[in-house]
There are 2 protein chains.
Amino acid sequence: MANKKIGCPVEVTLSLVGDKWKVFILKELLERTKRFGELHRAISGISQKTLTQQLRQMEKDGLVKRKVYAEVPPRVEYSLTKIGRSLKSILDAMHKWGGNYAALKCKEQQDE
Amino acid sequence: MANKKIGCPVEVTLSLVGDKWKVFILKELLERTKRFGELHRAISGISQKTLTQQLRQMEKDGLVKRKVYAEVPPRVEYSLTKIGRSLKSILDAMHKWGGNYAALKCKEQQDE
DNA sequence: TAATATAGTTACCAAAAAGTAAGTATTGCG
DNA sequence: CGCAATACTTACTTTTTGGTAACTATATTA
């Protein structure tokens, strides 16, 4: 498949934050640094496995920083990097557009 | 799953354009109105089935208009609605961010 | 009359993503 | 000693997504 390799910059962005789990994680971490357990409780419906996977990918992508404390029971804190925080503008744009769209659709339904 | 129902506006947006096929279709139709076959040839790697599915969903979502001509062989033209065109700003934001990110990553690699 | 072109649809199969549930590691505490 | 707490990891299963290839419908054209 020719489109498998991510070429276009839009696809780059999409591959980094184009799914709901990453958006949820981003939203939580934009608030503040959080621990693994906090994230798990905050994002209802996500499994440990998926949360770990997404966080690891985001770490690899340079969006998230993972800090492990040498304690028992273990403590791991996740925070956004500068690049990660810069995604806020994208989320804001999507938020604004989505809100607008929902309002339009709502009005449309009432007209029927 | 509590997050299945799309609540947050960001998710609304993501559900409408959060995958590569829809982005590709949007890119083609932002150029101009195109026929089914044109889209199929322009978007390398997409199958007829998937193209149809995505177009139908986008039509349902009010992003795309489907115009059927009563001809044989059949002619069907797809174009963006006003709402569909308004997604350009989102794509542009993603394009800009993605380009920036790629440039950063590229520089980073050279530093190693 | 038979082939052609276009825009699909359908049945079947493969791959990817995500959930479930159980297991791991470690140290402090009772 | 044995249990609690936290952050995972792993094996297995389910769900979702998408591909392939064959089939359809029909006016026009040779």
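In what follows, every chain begins at residue 1, and chains take the letters A, B, ... in the order their sequences are listed.
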>> Just to be sure I understand the rule, does B:Thr50 reach a base, reach only the sugar-phosphate, or reach nothing, if contact means heavy atoms closer than 4.0 Å?
In response: sugar-phosphate
> Rounded to whole angstroms, how far apart are CG on B:Leu39 and C1' on C:dG8?
Replying inline: 14 Å
> Which residues pass the side chain to side chain donor-acceptor pair (under 3.5 Å) test with B:Gln110, sequence neighbours left out?
Replying inline: none
> B:Gln53 has an atom CD; how far is it from atom P of C:dT9, in whole Å?
Replying inline: 9 Å
> For DNA chain D, which residues in residues 55-71 of chain A have a heavy atom at a distance below 4.0 Å?
Replying inline: A:Arg56, A:Arg66
>> Which residues pass the side chain to side chain donor-acceptor pair (under 3.5 Å) test with B:Arg56, not counting sequence neighbours?
In response: none
> What does the inter-axis angle of the helix from C:dT1-D:dA30 to C:dG30-D:dC1 come out as, five pairs per end, nearest 10 degrees?
Replying inline: 30°
> OH of B:Tyr78 versus P of C:dT6: gap in Å, rounded?
Replying inline: 15 Å
> Taking only residues two or more places apart in sequence, or in another chain, which ones meet A:Gln53 in a side chain to side chain contact (heavy atoms under 4.5 Å, CB included)?
Replying inline: A:Lys49
> Who passes side chain to side chain contact (heavy atoms under 4.5 Å, CB included) against A:Gln57, sequence neighbours left out?
Replying inline: A:Lys22, A:Lys60, A:Asp61
> How close or far is atom C1' of D:dA7 from atom CD1 of A:Ile43, stated in whole angstroms?
Replying inline: 15 Å
> Roughly, in whole Å, what's the span from CH2 in B:Trp21 to C1' in D:dG18?
Replying inline: 9 Å
> Do side-chain atoms of A:Ser44 reach the backbone of A:Arg41 as a donor and acceptor pair under 3.5 angstrom?
Replying inline: no
> Which distance, rounded to the nearest 0.5 Å, do you find between the CD1 of B:Ile25 and the CG of B:Leu55?
Replying inline: 4.5 Å
> Does B:Gln48 put a side-chain nitrogen or oxygen below 4.0 Å from OP1 or OP2 of D:dG19?
Replying inline: no
> In chain order, what residues pass the ring pair (Phe, Tyr, Trp, His ring centres under 6.0 Å) check against B:Tyr78, with sequence neighbours excluded?
Replying inline: none
> Taking NZ from B:Lys20 and P from D:dT16, how many angstroms apart are they, rounded to a whole number?
Replying inline: 20 Å
> Which pairs with one or both residues in residues 88-112 of chain B pass ring pair (Phe, Tyr, Trp, His ring centres under 6.0 Å), sequence neighbours excluded?
Replying inline: B:Trp97-B:Tyr101
> Got a sec, which residues hit salt bridge (Lys or Arg N to Asp or Glu O under 4.0 Å) with A:Lys96, two or more places apart in sequence or on another chain?
Replying inline: none
>> Under the rule for side chain to side chain contact (heavy atoms under 4.5 Å, CB included), what residues qualify as partners of B:Arg75, not counting sequence neighbours?
In response: B:Arg35, B:Tyr69, B:Glu71, B:Glu77
Enumerate the protein-to-nucleotides 4-6 of chain D contacts in which both atoms are nitrogen or oxygen and the separation is below 3.5 Å.
from	atom 1	to	atom 2	distance (Å)
D:dT6	O3'	A:Arg35	NH2	3.2
D:dT6	O3'	A:Pro74	O	2.9

>> Output the rounded distance in Å from CD1 (B:Ile46) to C1' (C:dA7).
In response: 14 Å
> Heavy atoms under 4.0 Å, any strand shown: does B:Gln54 hit a base, just sugar-phosphate, or nothing?
Replying inline: sugar-phosphate
>> Once side chain to side chain donor-acceptor pair (under 3.5 Å) is applied, do any residues pair with A:Thr50, and if so which ones, sequence neighbours excluded?
In response: A:Ser47
>> Rounded to whole Å, how long is the line connecting atom NZ of A:Lys49 with atom P of C:dT20?
In response: 11 Å
